[in-house]
Amino acid sequence: MPELPEVEVVRRGLADHVVGRTVAAAEVTGTRVARRHVPGPEDLVARLPGAVVESARRRGKYLWLVLRHDGGSREALVLHLGMSGQLLVEAADAPDERHLHARLHFRDGDPQLRFVDQRTFGGLHLDELTDDLVPQTIGHIAPDPLEPAYDRAATVRRIKARDSAVKRILLDQTVVSGIGNIYADEALWRARIHGERLGSALTRPAIGRLLDAATEVMTEALGQGGTSFDALYVNVNGASGYFDRSLAAYGQEGKPCPRCGTPIRRSTFMNRSSFFCPRCQPVPRSRRPSG
DNA sequence: CCACGTTCCTGGAAGC
DNA sequence: TGCTTCCAGGAACGTG
């Protein structure tokens, strides 16, 4: 599932293959992929031709292309991969994918850019840019740990202030962005913290170590090209990541904890799977069944 | 503002 | 074999 490292790999692919090119035409099939584009898919398609792609940017799991129009105005084409979205850079004569939802043609010809998404949680929309070149509609998304705007101390304070399970807070993109279920579990394992402990019950240094663990695991994954499980995530050139070989906890139910050998356990939390080492990451007393 | 459950979606896997 | 059910989860949204 695309989390920060996977989305960054895609961003780099866009920077290499799309930035500097001029859109010739756009296609959007179906309405769902552009559901966040309020004026509708026809408007989206009509506004793209002639736009020059100036840069490919990212905050957390959100991607956007900065577009410059004739006359110098700028706007953002915001892209979100959801669970299963892929951006593919391909020749025009490559056969259409089964779940192809949108396509950009460029004035210089091949390759074209395709948005393919099986589970349709992803989408794209046009948006105004604020002064710092961040789209307006993602103003509520917090900086991610790999960007200069990330404020570690402020993030520690926000987590400490919340009476909520710390895994839920890690997954809250308005607190810190880019972390999904996989890297949340990996960060919690590295920091030896159970995800159901309350943010307010952790010490500030422990919260800091947890954030640093998240930063570290995502940086390592990025170095290896991202994580992939079922081939739904493919980078902009179609090559899968392989960080899944390095996961210590996520998806490792029954396998020995790499640190202490205790079998990794799986539990359901927030209607999601959580994987943890019961010895390194003891379940908080308040969450244990009484008696 | 905060906490947190529900909802959207598809198709492979698991269960019967 | 074939049908049904489960499961994966990002993030907007509604409720209290």
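Order of the sequence lines sets the chain letters (A, B, ...), proteins ahead of strands, with each chain counted from 1. Quantities reported herein were computed from a predicted structural model and do not represent experimental measurements.
- If you take CG of A:L79 and C1' of C:dA11, they are 16 Å apart, rounded to a whole angstrom.
- Here the side chain of A:N271 is nearest to one of B:dT6, B:dA3, C:dA8, namely B:dT6.
- In the set B:dC9, C:dG10, B:dG11, B:dG11 carries the atom at the smallest distance from any side-chain atom of A:Q118.
- Rounded to an integer number of Å, the gap from NZ of A:K167 to P of B:dC4 is 15 Å.
- For C:dA8, neither phosphate oxygen OP1 nor OP2 lies less than 4.0 angstrom from any side-chain nitrogen or oxygen of A:S84.
- Atom CZ in A:F269 sits about 13 Å away from atom P in C:dG9, given to the nearest Å.
- No hydrogens or angles considered: nothing links the side chains of A:Q281 and A:R192 as a donor-acceptor pair under 3.5 Å.
- Side-chain proximity of A:H140 to C:dG9, C:dA12, C:dC7: nearest is C:dA12.
- Two residues are said to be in side-chain contact when any heavy atoms from C-beta on lie closer than 4.5 Å; A:V19 and A:E54 fail this criterion.
- Separating the CZ atom of A:R32 from the P atom of C:dG10 is a distance of 16 Å, rounded to the nearest angstrom.
- Considering only side-chain atoms of A:K61, the nucleotide from C:dA11, C:dC7, B:dC9 that sits closest is C:dA11.
- Here C:dA12 is the nucleotide among C:dA8, C:dG10, C:dA12 with the atom lying nearest to any side-chain atom of A:R36.
- When rounded to the nearest whole Å, the span between CD of A:E3 and C1' of C:dG9 equals 9 Å.
- Note: CD1 (A:I159) to C1' (B:dC2) measures 16 Å, nearest angstrom.
- Counting any heavy atom pair closer than 4.0 Å across all strands shown, A:R168 reaches a base atom.
- Across B:dC4, C:dC7, C:dA11, the shortest atom-to-atom separation from the side chain of A:R266 is found for C:dC7.
- Separating the CG atom of A:L81 from the C1' atom of C:dG9 is a distance of 14 Å, rounded to the nearest angstrom.
- The side chain of A:Y250 approaches C:dA8 more closely than any other nucleotide in the set C:dA8, C:dG10, B:dA3.
- Using a 4.0 Å heavy-atom cutoff across all strands shown, A:R98 reaches sugar-phosphate atoms only and no base atom.
- Between A:F121 and A:M270, the residue whose closest nucleotide on DNA chain B is further toward the 5' end is A:M270.
- Environment of CZ in A:R35: crowded, with over 12 heavy atoms of neighbouring residues, nucleotides or ligands closer than 6.0 Å.
- Phosphate proximity of B:dA3 to A:R162: present, with a side-chain N or O under 4.0 Å from OP1 or OP2.
- Between the side chain of A:R272 and the base of C:dG10 there is at least one donor-acceptor pair of N/O atoms closer than 3.5 Å.
- Figure legend: cation-pi geometry between A:R259 and A:W189, with NZ or CZ positioned under 6.0 Å from the six-membered ring centre and within 45° of its axis.
- Between A:K167 and A:E196 there is no salt bridge, since none of the side-chain N atoms of the basic residue sits less than 4.0 Å from a carboxylate O of the acidic one.
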Evaluate the side chain to side chain contact (heavy atoms under 4.5 Å, CB included) criterion for residues A:I159 and A:T155: first the C-alpha distance (whole Å), next the side-chain angles of each, then the deciding distance (0.1 Å), finally the verdict. CA-CA 6 Å; A:I159 293 174; A:T155 309; 4.2 Å; yes

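- Phosphate proximity of C:dA12 to A:Y62: present, with a side-chain N or O under 4.0 Å from OP1 or OP2.
- Residue A:D117 is out of contact with every strand shown, counting any heavy-atom pair closer than 4.0 Å.
- In this structure, A:E196 atom CD and B:dA3 atom C1' are separated by 15 Å, rounded to whole Å.
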